[in-house]
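In this text the structure is predicted, and so the values were computed from the model without any measurement. One-based numbering along the sequence shown.
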Amino acid sequence: MGSAVLWGLAAGETDTAYGRVFDVVQRLAWPPEYGGRALRNAFFDRWAGREEELASDEEAHAELEAARRSGDYGTAYVYAGQAVGMVRRRRTAAEVVAGFAEAERLLRRFAT
């Protein structure tokens, strides 16, 4: 199990941060009015509010790329919504789809 998965499983709904830090450091051309929500980490906290400076900081860009390659999620990003706090265990895609099917079956039972 990857460290990002473990870190995400430990996260609560207040452990995310909304902003442009990770988009800016990756040099993504998103319009400035649209940020992203990711698990909060030290890199985000260090650069939040300093995105203009971050946009031209080559050392920060290299730091993030190295962290992504090594799986250092104290620096690298994990995009996640506030619902991350509802995730309690690792599940396969098949388990998730089966859960949707079961939910649909239960909803149909109550709709009649």
Side-chain angles (χ1 to χ4, degrees):
M1 184 181 309
S3 61
V5 171
L6 291 174
W7 198 37
L9 288 174
E13 63 274 359
T14 60
D15 293 324
T16 63
Y18 179 81
R20 296 185 57 238
V21 169
F22 295 120
D23 293 342
V24 169
V25 73
Q26 292 177 84
R27 311 300 193 250
L28 299 177
W30 287 102
E33 61 269 21
Y34 301 111
R37 184 168 296 281
L39 296 179
R40 178 181 292 281
N41 64 19
F43 188 89
F44 182 91
D45 289 341
R46 186 170 74 232
W47 287 102
R50 300 173 46 214
E51 289 82 358
E52 193 169 313
E53 179 185 350
L54 178 60
S56 61
D57 191 309
E58 292 306 318
E59 286 181 30
H61 179 74
E63 176 186 2
L64 182 84
E65 290 302 313
R68 286 180 58 198
R69 285 191 299 276
S70 70
D72 170 13
Y73 293 98
T75 299
Y77 53 88
V78 176
Y79 286 109
Q82 291 174 299
V84 72
M86 297 173 66
V87 177
R88 297 290 178 239
R89 65 181 178 86
R90 184 176 178 185
R91 295 172 31 177
T92 66
E95 290 173 312
V96 171
V97 171
F100 290 148
E102 177 62 15
E104 180 182 20
R105 186 186 68 76
L106 290 172
L107 288 171
R108 287 183 192 275
R109 199 171 86 186
F110 290 111
T112 56

- Distance-only, no hydrogens or angles: does the Y18 side chain make a donor-acceptor pair with backbone N or O of G35 under 3.5 Å?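 Looks like yes, one N/O pair under 3.5 Å.
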
- Item | Heavy-atom donor-acceptor pair, R40 side chain to A38 backbone, under 3.5 Å |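 Looks like no, no N/O pair under 3.5 Å.
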
Nearest 0.5 Å please: distance from the [atom1] atom of [X] over to the [atom2] atom of [Y].
X	Y	atom1	atom2	result
N41	D72	CG	CG	8.5 Å
H61	R27	NE2	CZ	5.5 Å
Q26	R20	CD	CZ	12.0 Å

Exercise: identify the closest heavy-atom pair between [X] and [Y]:
X	Y	answer
R90	E95	O-OE1, 4.3 Å
T16	G81	CG2-O, 3.6 Å
F44	A17	CE2-CB, 3.3 Å
A67	A76	CB-N, 3.8 Å
F43	L54	CZ-CD1, 4.3 Å
V24	E51	CG1-O, 3.4 Å

- Query: Can you tell me if CD on E52 sees more than 12 non-hydrogen neighbours from other groups inside 6.0 Å?
  - Reply: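 Counting neighbours around CD of E52, 12 or fewer heavy atoms of other residues, nucleotides or ligands fall under 6.0 Å, so no.
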
- Message: Measuring only between side-chain heavy atoms, which start at C-beta, is D23 closer than 4.5 Å to Y34?
- Response: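 Heavy-atom side-chain distance check fails, nothing below 4.5 Å.
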
- Indicate yes or no: at least one non-hydrogen side-chain atom of L64 is less than 4.5 angstrom from one of Y77.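 Side chain of L64 against side chain of Y77, heavy atoms only: contact under 4.5 Å found.
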
- Mind checking whether Y79 and V21 sit in one hydrophobic cluster, side chains of I, L, V, M, F, W, Y counted as touching below 4.5 Å?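 Yes, because Y79 and V21 connect within a single hydrophobic cluster, where side-chain heavy atoms sit under 4.5 Å apart.
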
